[in-house]
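See structure below.
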Amino acid sequence: MKGYLYHNLEELIVSIACFIIAFAMTKRHRQMPDSLSFMTAEGFFILSVSSAIHIMGHIFGEVQGLLYGSLMGYLTGFASILASPFVRKESRVKKYIPSIFLSC
């Protein structure tokens with residue numbers, strides 16, 4: 001546990017930064033609804049939650065399921081951010097990406 005102190009602090013900072021970016025993009029989406037801001041906010045929120053799950057994995061003794069869940073969250077969050085410029089406003093794809101994260 002003690003060896004992970006620096007890593008946990010690093011993940012905590014990443015989680016907070018991703019949450020702040022997600023919050024800012026959510027405010028932007030409320031002002032100007034578009035798919036880009038929605039999916040970017042969604043991706044950064046998923047990254048924030050994944051970092052928090054990763055920290056819990058280290059605190060609880062590297063529970064394999066928690067670390068696997070955080071890895072899948074990272075992949076889903078990055079996929080959401082990378083796909084955001086290519087999804088049209090009327091597309092329903094943007095609503096299904098969080099369900100991929102929750103199903104892992």
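The structure presented is a predicted model; accordingly, all values stated were derived computationally and were not measured.
Between the OH atom of Tyr6 and the CG atom of Leu9 there is a distance of 9.0 Å, given to the nearest 0.5 Å. Considering CD1 of Ile13 and OG of Ser51, their distance stands at 11.0 Å, rounded to 0.5 Å. Taking CE from Met25 and NE2 from His29, the interatomic distance works out to 10.0 Å, rounded to the nearest 0.5 Å. In this structure, the separation between CD1 on Ile21 and CZ on Phe45 is 14.0 Å, given to the nearest 0.5 Å.
For the pair Leu47 and Ile81, the minimum side-chain heavy-atom distance is below 4.5 Å. No side-chain heavy atom of Phe44 sits under 4.5 Å from any side-chain heavy atom of Phe19.
Residues Leu82 and Phe38 do not share a hydrophobic cluster, clusters being chains of Ile/Leu/Val/Met/Phe/Trp/Tyr side chains in contact below 4.5 Å.
Checking Ile16, Val14, Asn8 one by one against Leu12, the side-chain contact (heavy atoms from CB on, under 4.5 Å) holds for a single residue, Ile16.
Using cut-offs of 30° and 60° on the angle between ring planes, the pair His7 and His58 is perpendicular.
Closest heavy-atom contact between Gly73 and Ser50: CA-OG, 3.0 Å. Nearest approach of Thr26 to Ala41, heavy atoms of both residues: OG1-CB, 3.7 Å.
Ser80 places a side-chain N or O within donor-acceptor distance of the main-chain N or O of Met39, the cut-off being under 3.5 Å. A distance-only check finds no donor-acceptor pair linking the side chain of Ser15 to the backbone of Glu11 [under 3.5 Å].
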